[in-house]
2 protein chains.
Amino acid sequence: MAEKPGRPATIFDVARLAGVSHQTVSRVLNDLPNVRASTKQRVELAIKQLRYVPSPAARALVTRRTRTIGAIATGGPDYGPSSTMLGFNEAARAQRYAVSMANVVESDLASVREAVELLLRQNVEALVLITERVGVLDAVLRIETGIPLVAVDPTGRAEHAVAIDQYQGARIAVEHLLSLGHRKILHLAGPLDSVDAGERARGWRDVMAASGLAAVEPLVGDWSPDSGFRAGETLSAADFSAVFVANDQMALGLMHSLRAHGRRVPDEVSLVGFDDIPEAAHLAPPLTTLRQDFATLGRQIMDSLAELLSGEAGDERAPIIPQLVVRASTGVPTVNRVSV
Amino acid sequence: MAEKPGRPATIFDVARLAGVSHQTVSRVLNDLPNVRASTKQRVELAIKQLRYVPSPAARALVTRRTRTIGAIATGGPDYGPSSTMLGFNEAARAQRYAVSMANVVESDLASVREAVELLLRQNVEALVLITERVGVLDAVLRIETGIPLVAVDPTGRAEHAVAIDQYQGARIAVEHLLSLGHRKILHLAGPLDSVDAGERARGWRDVMAASGLAAVEPLVGDWSPDSGFRAGETLSAADFSAVFVANDQMALGLMHSLRAHGRRVPDEVSLVGFDDIPEAAHLAPPLTTLRQDFATLGRQIMDSLAELLSGEAGDERAPIIPQLVVRASTGVPTVNRVSV
DNA sequence: GCGTCTGCTGTTAGCGCTCACAGCCCGGGC
DNA sequence: GCCCGGGCTGTGAGCGCTAACAGCAGACGC
């Protein structure tokens, strides 16, 4: 209760109350050796009594370390990036790092650059970049920040990257369709400037080519259900038995369009999505898709960062492989069934 | 190019290069008056040449202002909270405030308290709380932080709150069903510890009571599509013609269950959701729901905070009213149609 | 006995800024 | 001539901490 109402206690106030020098208090604060147990106790008591909180500013000023990480994310509140950010944030907090967030919705390059600068002005010790946009990724990689950067990047552009193996996920999706007997497999891709979309399209193309199948130019959406619906509208009478859709939301929109045109899923058209959003299991029909472990991805970001900041070895982290979740939107193609 | 590779430039380096005192540099940095235009120019040139960035730590040490806001969010990557956080983050950045994020997934009280303390240790100037959990809200409100707190809170618990009017939204939803002729209207509520869920249930109950209709005990879910599905399974043969579902995801799960039991929407059962998630327009059938303007909510948080921090008057902010979006999941009840 | 080492504690000097205040110069009033 | 005031600039102190080093015991070896 010996509280001065004036202003927050400093290390000197604690020292006086505990009857030691401020340096001894500092030693207790930083858990340094060479402090007698009884002294330590007295100091800790004084700290509690005065409700002393060390000043991060003073500390940062002398140590030149802010223990803060700047996290940049682009785009809206989508399931994937949000989950990744959450996972990272929790991991960072567990290691007592503060996270300064800069979420750029309109991810034009100027805004992104500005966000980076704002973070640098805060003297963050490292940067995390969660974006799927090629342009943003390349732009941030080009900036000379002088601090470590870890990016979510399945393409290997970034020096320090973590990733979910989008390419492999796409292969698994298409191979699933192939194994059911599908041969005419379309692809509804994500936006052209998305690294994830690019990798998924590449996976689809490669599997098709390896199977000697023609891969017609993929349709392109923007991840939104609306764009999936619109893509479906252009498809009307096209000849295909399955579509590998680059994400669940577009698959939902496409489903909607197919339904509107009387093409039944999976009886006439099989659909595979990507992400396994919480909604996927309850669509009509429940969607076969690839689950991505975003939480682990987020944690990996922090792990990778911790290695960089401590200057440790840092073994390469293998990309996370998405997991196929088979539900009711995929089945044996009609032609096969008819030919029995 | 006159760059010392050693360590970052300080205000004294700039002063020397510009041929002025460090104080004049400080004046330029802070845009204070009484600096000759030509002097200012020289200083600015020196700043650019040395790539000088002022130290936030040194600044914070003497001004006692960190220009940082701590933002606490609880729960997973749901559409609503994520959007709100995004809106807030952009607004804060626009006012040159840094945002230190603490996202607590497992929102037990101990973790939340810990998150608050971590932020306080960073000397944030204010706190933002984005949670729907009664327990978390109450717990944080009780903590003596000594700094302003703005919470998302439609119940009026928090002294400084912004909100979407959940109660009013629920009334609009139920009134929509009433106007179509429904009388037996169930409610599938969100979790019991959710302020939003409570307000929505209250709105439903009040409208039912005002219309002299019996409001049977609502079903309770946890916002997830899965819980909506499970709720549907318990409903099998119950007597009702419409359900007001407390969010879109549960509505989706419920839809799934109804479909599985051959009860058609909207022919036999009308459904109204809440949120207007991007998926809502493409469900089978497209979902009637209430749209919430989360982006504006996020901006309001920052506006409210700015007032508090500047000590301005700060007029009360009226809660945002959700907007009814009528789609195909609601229609005239069967009995009425049959009775023609 | 002395020197030395080890465990603990204190003293001093900054870290890079802003604040308060002390100048300086020049124009204008008397 | 003088003084006064306002625009501009510089000087010194200090924010609250850590790093480096200095000191001061007591234990121990010889």
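Lettering of chains follows the sequences in order, A, B, ..., and the numbering in each one begins at 1.
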Which parts of nucleotides 10-22 of chain C does protein reach within less than 4.0 Å, heavy atoms only, written one letter per nucleotide 5' to 3' as B for base, S for sugar-phosphate only and - for none? BBB-BBBBBBB--
Would Gln166(B) and Gln292(B) count as a side chain to side chain contact (heavy atoms under 4.5 Å, CB included) here? Give the steps. CA-CA 9 Å; Gln166(B) 308 295 340; Gln292(B) 304 190 69; 3.0 Å; yes
Derivation of the side chain to side chain contact (heavy atoms under 4.5 Å, CB included) call for Val43(A) and Leu17(A): CA-CA 8 Å; Val43(A) 170; Leu17(A) 182 58; over 6 Å; no
Report the C-alpha separation of Arg133(B) and Asp196(B) in whole Å, then their side-chain angles, then the decisive distance to 0.1 Å, and conclude whether the salt bridge (charged side-chain N to carboxylate O under 4.0 Å, His left out) test is met. CA-CA 8 Å; Arg133(B) 302 196 46 178; Asp196(B) 293 347; over 6 Å; no
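Of the residues listed (Ile72(B), Leu305(B), Val152(B)), the one engaging Val128(B) in a side chain to side chain contact (heavy atoms under 4.5 Å, CB included) is Leu305(B), and it is the only one. Of the candidates His160(A), Glu307(A), Gln300(A), Glu307(A) is the only one forming a side chain to side chain donor-acceptor pair (under 3.5 Å) with Arg317(A).
By the salt bridge (Lys or Arg N to Asp or Glu O under 4.0 Å) test, Asp13(B) pairs with Arg16(B), sequence neighbours left out. For Thr131(A), the side-chain hydrogen bond (donor to acceptor under 3.5 Å, both in side chains) test picks out Thr74(A), with sequence neighbours left out. In this view, Arg65(A) and Tyr97(A), Glu125(A) satisfy the side-chain hydrogen bond (donor to acceptor under 3.5 Å, both in side chains) rule, not counting sequence neighbours.
No side-chain donor from either of Glu106(A) and Ser111(A) sits under 3.5 Å from a side-chain acceptor of the other. Residues Thr155(B) and Asp153(B) have side chains that bring a donor and an acceptor to within less than 3.5 angstrom of each other.
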Could you go over nucleotides 4-7 of chain C and give all protein N or O partners under 3.5 Å, atom names and distances?
none

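Scanning DNA chain D 5' to 3' for nucleotides with an atom closer than 4.0 angstrom to a non-hydrogen atom of chain A gives a first and last hit of dG16(D) to dA20(D).
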